[in-house]
Amino acid sequence: MLDKQGVTGSSPVSPTTFAGRIRTTARTAGTPAHPGFSMPQATPSMTGPDLSRYPGGEALYRLRHSAAHVLATAVTELFPDVKVAGGPPIDSGFYYDFAREQPFTPADLERIEARMREIVAANQPFEFSETSRETERGRFEKAGEKYKLHFLSQIPEGAKVTCYRNGPFLDLCRGPHLASTGELKAFKLTHVAGAYWLGSERNEMLQRIYGTAFATAEELDEHVLRIEESLKRDHRRLGRELDLYSVHEEVGAGLIHWHPRGGMLRHMMEQFWKEEHLKRGYQLVYTPHLASEKLFEISGHLENYADLMYSSMDIDGQPYRVKPMNCPMHVMIYNSRKHSYRELPLRFAELGTVYRYERSGVLHGMERVRGFTQDDSHIFCTPEQMEDEVLGVLDLMDYLLKKFKYEYTCYLATRPKDKSIGSDEEWSFATQALRNALERHRLAYEVDEGGGAFYAPKIDVRLRDALGREWQCPTIQVDLTLPKRFGAFYTGPDGVDHEVVMLHRALYGSLERFVGIYIEHSGGEFPVWLAPTQVMMIPANPKAYEYAADTARLLKEGGVRVETDLRDEKMGAKIRDAELQKIPYMVVVGPREAEAGTVAPRRKGEGQLEPVPRAAFLERIQREIRERS
RNA sequence: GCCCACGUAGCUCAGUCGGUAGAGCAUCUCCAUGGUAAGGAGAGGGUCAUCGGUUCGAUUCCGAUCGUGGGCUCCA
């Protein structure tokens, strides 16, 4: 019953957000259809923000908070018909929400920004006042500010109510702010987007104007530059530039086509994955993409996850579905005969492609898709074996993530308070097994109190990429329901059937998403073992074509993925193109090398290396491939 | 799904206040005997996302659809 919704990426970076940091207990949003891991959800609280945790510190928080007020001041002046909602600082800047019939146009943003500059020039002081709820209610009622009235109503009876005024604009606000608008020097409006009031799609849509602000113009410029840099690493851009994958309107949104280069990258990842799993006692299985609805009735998917499953199709009068998960099939394999405790644990591993309905607005390159391949495994074991099994999974995960040069953080997600199934004994036993395994592995972990799925506790792992963003990929979950639903047993030493313990685990999560994340992590500069093309042979001139071909053959026979650039181009152009294609090694050969039986290698981004005999170069690259370094 | 924006050659983008379109790169051809990040010349290539509407005429205006992008509590 594992839901790896999160592995297709409900949120790329949630944990790095301000909210994620303030609320160390990132709770899991618990809509019934999307249990498992997804966006951390805010815990309602009216206590002030912990400014020390704001990236950039309290000073920046004040600055941006004031910038939001200046924005609202400008907007209410230019568009008197707007109603204001809220406008907090966010990690990357600030925003303010407005209700207005007409959409804000880019031209409006320019006008607003110009007006903001006038407000800054006017150097309006921020005046603070502390009154009562009743006083303010009257004021906001008169102004018809229904959103502010809502915020006001959230403030506990008798608590102090604070307001800030600058120029004509008075806002219910807990501060803090700058002394005056004149202190706001470097700011910029960035974009406008729709945002539901209070984040609920059942509410009306507001217009949110985003901006950013810094203490100095230099920092603002740097920020803009950083955004441009990260845009260059965008997997959608690199995916096209490096010819890795495509998506086609004719096929459908969120459905990935792996091109030969992307396919090779994936193949190498799969090969690595298979090797390591086989080494560790997993067995590979393959299961169908379709199944009779009966299966999903038994598993409970139809009951709980119907809205992420595609609609049924008629096969010989029977309803069938495309599978959204692999687990039920793995249980079918387990249940195909009786099992003795002696043969446990059984570890079934599959790179299983599943299809799930994702709302059109959330699709995103390879990172949020409708068809994806899970590196899915299910471990069937006895309760006594569970802890060791989890330890083994953690070990494999650690090995795998380090090969991709990720650091990561583990979260132990415990029983949800409101809704969960299973007995206290089951929960505490399973949770303790996860905890013990984490501690035996000496992994630092945080407890995500109440963050477990309703059916089981789990360990979620977030990896940190080169840009400092966090992504949830690996997960290990105990399943307290599927063995019951399917009646999965083993015969114990006592000759009696016992319910088997089932662990779900994914390490990459979804291949599509993992590759997308990895493209951005690596900036498309893949290590030699993963690079689709490892070596580009570059003849210095046409006289060397034959020697180039011979050297290419030699490398190919040595297991190296090599291409030869025989275009009618000058060497400089070939080198440039190979560099742009981010091919790790270029090998230049000309008459000189042909004479000496050597090659003149060149490492991407580093330039020329010492000429070496062909065999020595082959050995060097083979070692790099073997070590996956 | 919802709000906003966008969809012109393989890619990045111009352009048309309504009279069926251009550049650079890429591709192809030819020339060039070239040594570590772009040699030169020429050619081909577009139902201007799709379908409807308005119009003498639509790539351009309007609508729908599809797709893409930015967002959709980081809470007064």
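What you see is a predicted model; the values in this text were computed from it and never measured. The figures that follow rest on heavy atoms only: side chains count, while hydrogens, waters and symmetry mates do not.
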Notebook entry, point to check: According to the interplanar angle, ranging from 0 to 90°, do the rings of A/His235 and A/Tyr245 count as parallel (below 30°), tilted (30 to 60°) or perpendicular (above 60°)?
Noted result: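 A/His235 and A/Tyr245: parallel rings.
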
Check: Can you check the A/Asp97 CG to B/C72 C1' distance for me, whole Å?
Finding: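 So the two atoms are 9 Å apart, to the nearest Å.
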
Check: In whole Å, what is the span from the CD atom of A/Glu145 to the P atom of B/A76?
Finding: 16 Å

Under 4.0 Å, heavy atoms only, any strand: does [X] hit a base, just the sugar-phosphate, or nothing?
| X | answer |
| --- | --- |
| A/Pro591 | base |
| A/Lys148 | sugar-phosphate |
| A/Phe104 | nothing |
| A/Arg208 | sugar-phosphate |
| A/Ala600 | base |
| A/Ile538 | nothing |

I'd like to know if [X] reaches the base of [N] with its side chain such that a donor and an acceptor end up less than 3.5 angstrom apart.
| X | N | answer |
| --- | --- | --- |
| A/Asp568 | B/A32 | yes |
| A/Tyr196 | B/G1 | yes |
| A/Glu593 | B/G35 | yes |

Item checked: Counterpart residues, salt bridge (Lys or Arg N to Asp or Glu O under 4.0 Å), relative to A/Arg202 (two or more places apart) -> none

Under 4.0 Å between a side-chain N/O of [X] and OP1 or OP2 of [N], yes or no?
| X | N | value |
| --- | --- | --- |
| A/His364 | B/G70 | yes |
| A/Tyr545 | B/U33 | no |
| A/Arg236 | B/G69 | yes |

Item checked: Paired and unpaired positions of RNA chain B as dot-bracket, Watson-Crick or G-U wobble under 3.5 Å, | denoting a partner strand -> (((((((..((((.....[..)))).(((((.......))))).....(((((..]....))))))))))))....

Item checked: Spacing of the P atoms in B/C48 and B/A58 (rounded, Å) -> 12 Å

Checklist line | Nucleotide-resolved protein contact map, nucleotides 8-13 of chain B, B/S/- at heavy-atom distance under 4.0 Å | finding: ---SS-

